Amino acid sequence: MIELKNIFKWYNVGGARTFVLKDINLRIEEGEFISIMGPSGSGKSTLLHILGNLDMPDEGSYHFLEEDVYSLKNKKRAELFQSRVGFVFQSYHLIDELTVYENIETPLIYKNISGSERKAIVADMLDRFGIVGKKDLFPNQLSGGQQQIVGIARALAGSPSLILADEPTGNLNSQQGEEVMKLFKQLNEEGVTIIQVTHSEKNAEYGNRIINLLDGQVKAG
Ligand code: ADP
Ligand code: ADP
């Protein structure tokens, strides 16, 4: 599903290159549940952003679903990721001015899905995640755990084949965090590929493989 070859990312600081990612080579198969771990500043978020086309490397190639990502025109590249990838962030990134219902609906509007179809999909998500009763509330009326559930529902509304999650339980208590991990596990069993950045060994145990980063490189073993 994913193949990164010789990925480098750097910033020019005071005329010198500071490397964030140094020669990353990775293969990730469809159906995997991967945890990216490593100390703060090791390049985890940057790697996740590159995988989701939110950021681009300075060198290297990326094949996603057999497509040579960096040979695609911007518009085609954006479309490829928009239709296949759902993002879950640590701080939810919900839109404060929109209700739970509208937050989940938003990506579907961008995808030009018809009104009646959107209604059906959002209703399905609300039902599946047990938040039907919350549909008219605004994010600030929900607990952190509930907001993250809405964030996941929104990520899944577009039926992505890949979920990218950056510290998805970072703002949750342990019980809420466990619920989110169980949900990921269930989605993974249904065939969704999951890549999460996490500091938690416990969270990583839900996955099938750990990728350890250190100073922008994949640690062997
Ligand atoms: P992690 O997610 O593992 O904490 P990041 O991918 O967020 O690591 O960041 C890796 C490194 O890149 C950090 O040392 C960070 O300071 C550096 N970095 C990120 N963005 C910039 C930038 N715009 N300019 C310079 N350095 C940056
Ligand atoms: P997080 O805490 O989520 O890992 P960071 O603190 O690494 O976030 O980065 C927050 C923002 O600041 C990002 O947009 C990143 O690109 C930028 N940034 C991080 N480190 C640097 C840096 N050394 N110089 C300039 N920008 C940076």
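Please read these numbers as outputs of a predicted model, since none were measured by experiment.
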Heavy-atom closest pair (Thr193 atom, Gly31 atom, distance to 0.1 Å) is OG1-N, 2.8 Å

- prompt: If only atom types and distance count, is the side chain of Lys44 paired as donor or acceptor with the main-chain N or O of Pro39 below 3.5 Å?
  reply: yes

Distance col, row Met181:CE vs Leu172:CG, nearest 0.5 angstrom, shows 8.5 Å

*asked:* Tell me whether the count of non-hydrogen atoms from other residues, nucleotides or ligands lying under 6.0 Å of NZ in Lys202 goes above 12.
replied: no

Sorted by chain and residue number, the side-chain hydrogen bond (donor to acceptor under 3.5 Å, both in side chains) partners of Asn208 (sequence neighbours excluded) come out as Glu32

So side chain to side chain donor-acceptor pair (under 3.5 Å) across residues 18-27, not counting sequence neighbours, yields Asn6-Asp23, Asp23-Asn25, Arg27-Glu29

Check whether the side chains of Thr169 and Asn203 place a donor and an acceptor atom closer than 3.5 Å, and report yes or no. yes

Using a strict 4.0 Å threshold on nitrogen-to-oxygen distance, state whether Glu190 and Arg128 make a salt bridge.
yes

Residues passing the side-chain hydrogen bond (donor to acceptor under 3.5 Å, both in side chains) test with Glu102, sequence neighbours excluded, are Thr99

Q. Going through the checks in order, is the side-chain contact (heavy atoms from CB on, under 4.5 Å) test met by Ile163 and Leu156?
A. CA-CA 8 Å; Ile163 295 241; Leu156 283 170; 3.6 Å; yes

Separation between CG (Asp58) and CZ (Phe19), nearest 0.5 Å, reads 8.5 Å

Side chains of residues 47-55: which donor-acceptor pairs under 3.5 Å do they make with residues two or more places apart or in other chains?
residue : atom : partner : partner atom : Å
Asn53   : OD1  : Arg77   : NE           : 3.3
Asp55   : OD1  : Lys9    : NZ           : 3.1

With sequence neighbours left out, the residues meeting ring pair (Phe, Tyr, Trp, His ring centres under 6.0 Å) with Phe129 are none

Worksheet item: Checking Glu67 side chain against Phe64 main chain: does a donor-acceptor pair fall under 3.5 Å?
Response: no

Donor-acceptor pairs under 3.5 angstrom involving side-chain atoms of residues 137-151: please list them, not counting sequence neighbours.
residue : atom : partner : partner atom : Å
Gln141  : OE1  : Phe138  : N            : 2.7
Ser143  : OG   : Gln146  : N            : 3.2
Gln146  : OE1  : Ser143  : N            : 2.9
Gln147  : NE2  : Pro139  : O            : 3.3
Gln147  : NE2  : Leu142  : O            : 3.3
Gln148  : NE2  : Phe89   : O            : 2.9
Gln148  : NE2  : Pro168  : O            : 2.7

Check whether more than 12 heavy atoms from other residues, nucleotides or ligands sit under 6.0 Å from atom NZ of Lys185, and answer yes or no. yes

Would you find a donor on one side and an acceptor on the other, under 3.5 Å apart, between the side chain of Asn173 and the backbone of Gln176? yes

Taking Arg118 for its side chain and Ile113 for its backbone only, find out whether a donor-acceptor pair lies under 3.5 Å.
-> yes

